[in-house]
Protein chains: 2
Amino acid sequence: MLRMKRVTIEDVARQAGVSIATVSRVVSGSTHVAPMTTAKVQAAINMLGYKPNPIAKHLAGQRTNTIGLIVDEIVGDFFQPMLRGIEQTSSEHGYDLLIHSTRMRRRSGSYPVAEHNTDGIIVFGNSLPLDELRRLYIKQFPMVLMHQTPPSDVHVPCVTIENKRSAQRMVDYLIEQRGYTEIAFLRGPEGNEDSQWRELGFRESMAAHGLKVDDELIGMGGFEEMQAHHTVTQWVRQGKRPRCIFAADDDSALGVLRALKEAGLRVPQDVAVVGFDDIRIASYLSPALTTVRAPIEQVSRVAVETLIQLLEGETPQMLTLLPTELIIRESCGYSA
Amino acid sequence: MLRMKRVTIEDVARQAGVSIATVSRVVSGSTHVAPMTTAKVQAAINMLGYKPNPIAKHLAGQRTNTIGLIVDEIVGDFFQPMLRGIEQTSSEHGYDLLIHSTRMRRRSGSYPVAEHNTDGIIVFGNSLPLDELRRLYIKQFPMVLMHQTPPSDVHVPCVTIENKRSAQRMVDYLIEQRGYTEIAFLRGPEGNEDSQWRELGFRESMAAHGLKVDDELIGMGGFEEMQAHHTVTQWVRQGKRPRCIFAADDDSALGVLRALKEAGLRVPQDVAVVGFDDIRIASYLSPALTTVRAPIEQVSRVAVETLIQLLEGETPQMLTLLPTELIIRESCGYSA
DNA sequence: ACAAATTTTGTAAACGCTTTCAAGATTCTA
DNA sequence: TAGAATCTTGAAAGCGTTTACAAAATTTGT
């Protein structure tokens, strides 16, 4: 590539007839500079089209003004609102955003060197393995977790939603308002924390209503349409037909709906279905999907704000649980 | 924030009893270093947990190993596959990804200093104003445009899809296979290039079949559900009822479907509807939406690859048009 | 075994900026 | 109006790398 000639602070200094230190001061506005000098420097900057080099600034200034986002894989409907929240909040606070997907690097064992090219990172879910998390924690590198609580020896702020409480409220509703007593649950991926809390909420509500949870009706949904479809298809083949299925997320709910349809079962007349997340499709389905609206963008915003507090030496809240909203639509048997 | 003590190349050099130049060489693998020395250095690196500082490397090495992505706003269903393609391809080639949304900065007039913290940028749509584009072009800063062709004086590679041809094929199908002669068109936002090409394809196909385009039936859809809904609702009120509506994108098609439903019109019996993009919802609707599948992730991959060619001094193709696929579903009157 | 060729390593100068320290200019005080 | 106090500016030392260039060590050829 052809290298373009760069305009450096030195060029500006020469043009304006001052020292580079003065130019630096004018640009950053750190110290008072005489008005006439400022004018000269500004003129030189405009004339040369000078843009400070952030890289050099970072090296000298010991900070990068960049926030890192670590995700496993860029996939799913939640991704766009998440990124939107993170990008907006970062840029409002004057930070750039660097994105790292750990999907490929998992096996190679090489992780992004967050500690040097960002001032702090936001870690989504379990995208960063525990030992790397610990390494950074020990170095006191600023970070905030999203949708995943840290292990007990890692004292790092975490922002997520009220998973358990939401699931509980959903099941309360299904039992109390819709009268279902036999409810199946479709788990998310192995070890996924969101899913674990949702399952806990489900179980607690069932218990609180004196209902037994049939372990045969706890299946794997994997937060995926395919997997959920498979599980429910198996159930139907084996003659298991719960009156209601609570899928741990909307994607798996889609699989449930498809499986039921293929089996000739009507929703909600034969089987009621509810999900979690309120992805965009949910309201367009017929029957429209009853679900829990997760405020993903809001979680992202709070995560960034928390990180920035950390960066500015304040002491942020260690655990933030954002409230959700029950979205009652047709798939659970409700009709207006 | 507490500053953590940093391990630098110098610490490693001291620990290993060699010079920093030697350490640099074993880390980068640029020159041959004696096996025994290499071992000593590696041992020191492991013992101290040294991670090279990319910032310093960039400053010294004159490259950042980072690709910038400029978008207007992080919104819409296309965003996730786009980012996915870009992130994956970047990381496969060893580049980091820096994201800039120009949404907020538009008015402030301050744009990301792409030229210094990235090696090159990918510009989506018209997210970067023309004068900024020109400024970077004049500096010979490497960039690639996505879904937007450059002005004639800016000679920069561009990657997009076969908009015109696809629209043409869609309309050919509607006329030839489905027998519609009266087709309305719903435009995207003012000045959107994708939309312009699609409209052109629509008009050419109509003309080629000897059909007249009724200007009353060219409406504004704005690539938005709301706007399209509004336009079609107005049409219906005014007694305009085209036999078929071609929405310039799927989001506006959603608005069309809703408006028709509210007006008591059946799709496809009364009015046929087709869209463009094949967003996820399309196949879940009832009736499922006939549309054109735009290979967004693929476009993104090619854009990154093109940029990397540029970075490596090769001469890439200046215009890449990726083919699409007609997805025929129920909303156009087709039944299996 | 000695010079020549080659391999390996170290020294030091960038890279473009921030910031400390101190000197030079200016303004104020009595 | 001299000396003190305050502004304004410049010199220079980093920040952590890469990379000529050159020196030192090793190998090769005869």
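Every chain is numbered from 1, with letters handed out A, B, ... down the list of sequences. Note that these values count all heavy atoms, side chains included, but never hydrogens, waters or copies made by symmetry. Computed from a predicted model, the values in this text were never measured in an experiment.
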Please give me the minimum heavy-atom distance between A/Ile20 and A/Glu10, naming the atom from each residue.
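Where A/Ile20 meets A/Glu10 most closely, the heavy atoms are CG2-CA, 3.8 Å.
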
Atom pair CZ/CG of A/Arg14 and A/Leu48 - distance to nearest 0.5 Å:
9.5 Å

Straight-line distance of B/Asn126 CG to B/His147 NE2, nearest 0.5 Å:
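Between atom CG of B/Asn126 and atom NE2 of B/His147 there are 12.5 Å.
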
Once you apply a heavy-atom cut-off of 4.0 Å, does [X] come out as touching a base, just sugar-phosphate, or nothing?
{"X": "B/Pro52", "result": "sugar-phosphate"}
{"X": "A/Ile55", "result": "nothing"}
{"X": "A/Val27", "result": "nothing"}
{"X": "B/Ala34", "result": "sugar-phosphate"}

Rounded interatomic separation in angstrom, taking CG from B/Asn65 and P from D/dG16:
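Rounded to the whole Å, the gap is 20 Å.
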
Return the 5'-most residue of the pair A/Val33, B/Ser28 with respect to DNA chain D, ranking by each residue's nearest nucleotide.
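Closer to the 5' end of DNA chain D: A/Val33.
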
Would you tell me if any nitrogen or oxygen in the side chain of [X] comes within less than 4.0 Å of OP1 or OP2 on [N]?
{"X": "B/Thr8", "N": "D/dG16", "answer": "no"}
{"X": "A/Thr22", "N": "D/dT9", "answer": "no"}
{"X": "B/Ser24", "N": "D/dT17", "answer": "no"}

Output field: ring centroids A/Phe78/A/Phe124 closer than 6.0 Å:
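Yes: the rings meet the under 6.0 Å criterion.
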
For B/Pro35 and A/Val23, take the nucleotide of DNA chain C holding the closest heavy atom to each; which residue's nucleotide lies nearer the 5' end?
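Going by which nucleotide is closer to the 5' end, it is B/Pro35.
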
